[in-house]
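The block underneath contains the structure these notes are about, expressed in structure tokens.
These values consider heavy atoms only, across backbone and side chains, with no hydrogens, waters or symmetry-generated copies. Order of the sequence lines sets the chain letters (A, B, ...), proteins ahead of strands, with each chain counted from 1.
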Number of protein chains: 2
Amino acid sequence: MSEKIYNIAVEATMEVIGGKWKPIILCNLRHGAVRPGELRRLIPGISQKMLTQQLKELESSQIVKRTSFNEVPPRVEYSLSEYGESLSEVMDSLCDWGKLHIQTLKNNGKSVCLLQD
Amino acid sequence: MSEKIYNIAVEATMEVIGGKWKPIILCNLRHGAVRPGELRRLIPGISQKMLTQQLKELESSQIVKRTSFNEVPPRVEYSLSEYGESLSEVMDSLCDWGKLHIQTLKNNGKSVCLLQD
DNA sequence: CGGCATCCCTATTGATACTG
DNA sequence: CAGTATCAATAGGGATGCCG
């Protein structure tokens, strides 16, 4: 089997949390387990397909944990794994800088708006 | 003109530093100004077009500064702007977690290799 | 409700060749 | 050396319908 080669460490990070939806999903899981339906409401614009797909990828990276309850109607919850918790500093800094950046844009007269947080 | 709406702060961050190449470029600019040719050597796999394009986007986000010297042959340097320096904690945490992740993969018997750092 | 499969489209990317 | 233009290939993503 061929060896996976990273030229620089940040590549490995982006491979796991990169992409359009993963950082947003991870932010929304930081305060506890959430059901898929709830995630769809929390993340305007995401489709069923993308949500499921991205969650599966995060699950296979061991970042996210899927819990299925045998109930009717079926219930599923997603939450950060213990390993996923190791990303909290990363997510914090990403969120913090985002807030700084939005403020900077406003100070420069840009018309910007932040709904959550 | 329409207002830009972010649902969550991390979206604003990813809009600026997201994508396949931007985090790698920014990492390589953290220790001072670098010429485009040097960047191409530091970033295996990137094309001329992608490098120029991503640098222009980072420049228009005020993250990166372009300096042109009137010499023959022409010389250009890219470096982090003062505003770009505000990303250093973000980049640090991204790099640090990448190293942790690569080590974790190794500990799990995966065949992984990190060239730089 | 949560997940999967299919079709389809467009935005991103890469290869190549060319200009100042 | 730095940057541009063009075209072709691809991956990412949306809409829909079906299944447990």
Length of the [atom1]-[atom2] vector between [X] and [N], whole Å:
X	N	atom1	atom2	answer
R75(A)	dG3(C)	CZ	C1'	17 Å
E77(B)	dA2(D)	CD	P	10 Å
E59(B)	dA2(D)	CD	P	15 Å
E57(B)	dG3(D)	CD	C1'	15 Å
L55(B)	dT13(C)	CG	P	14 Å
R40(B)	dG3(D)	CZ	C1'	11 Å

Distance in Å, I24(A) CD1 paired with M14(B) CE, rounded so as to fall on 0.5 Å steps:
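One finds 9.0 Å between CD1 of I24(A) and CE of M14(B).
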Rounded to the nearest 0.5 Å, how far apart are CD of E38(B) and CG of N28(B)?
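Between E38(B) CD and N28(B) CG, I get 8.5 Å after rounding to 0.5 Å.
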Given V76(B), L39(B), I63(B), the one that forms side-chain contact (heavy atoms from CB on, under 4.5 Å) with L55(B)
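Of V76(B), L39(B), I63(B), side-chain contact (heavy atoms from CB on, under 4.5 Å) with L55(B) is met by L39(B) alone.
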Side-chain touch L26(A)/L80(A), heavy atoms, less than 4.5 angstrom
yes
Any heavy-atom pair between the side chains of I17(B) and L94(A) that's under 4.5 Å?
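Yes, at least one pair of side-chain atoms sits under 4.5 Å.
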So, T13(A) side chain and G98(B) main chain: donor-acceptor pair closer than 3.5 Å or not?
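Yes.
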If the sugar-phosphate is the primed atoms plus P, OP1 and OP2 and the base is the rest, what is the B/S/- string for nucleotides 5-20 of chain D, using protein heavy atoms under 4.0 Å?
-B------BBB----B
Can you confirm whether E82(A) is buried at CD, in the sense that more than 12 heavy atoms of other residues, nucleotides or ligands lie under 6.0 Å from that atom?
no
So does E85(B) have more than 12 non-hydrogen atoms from other groups sitting under 6.0 Å from CD?
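Yes, enclosed.
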Examine dC1(D): is either OP1 or OP2 under 4.0 Å from a nitrogen or oxygen in the side chain of R35(B)? Give yes or no.
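So the side chain of R35(B) is outside the cut-off, no N or O lying under 4.0 Å from OP1 or OP2 of dC1(D).
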Starting from the first five and the last five pairs of the helix from dC1(C)-dG20(D) to dG20(C)-dC1(D), work out the angle between the resulting helix axes, to 10 degrees.
50°
Test question: given the 4.5 Å side-chain rule for I, L, V, M, F, W and Y, name all other residues clustered with I102(A), or answer none.
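Besides I102(A), the cluster holds L105(A), V112(A), L114(A), Y6(B).
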Looking at every strand, decide which applies to R66(A) at a 4.0 Å heavy-atom threshold: base, sugar-phosphate, or nothing.
sugar-phosphate
How would you label the contact of F69(B) with the nucleic acid (heavy atoms, under 4.0 Å): base, sugar-phosphate, or nothing?
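Nothing, no nucleic acid heavy atom in range.
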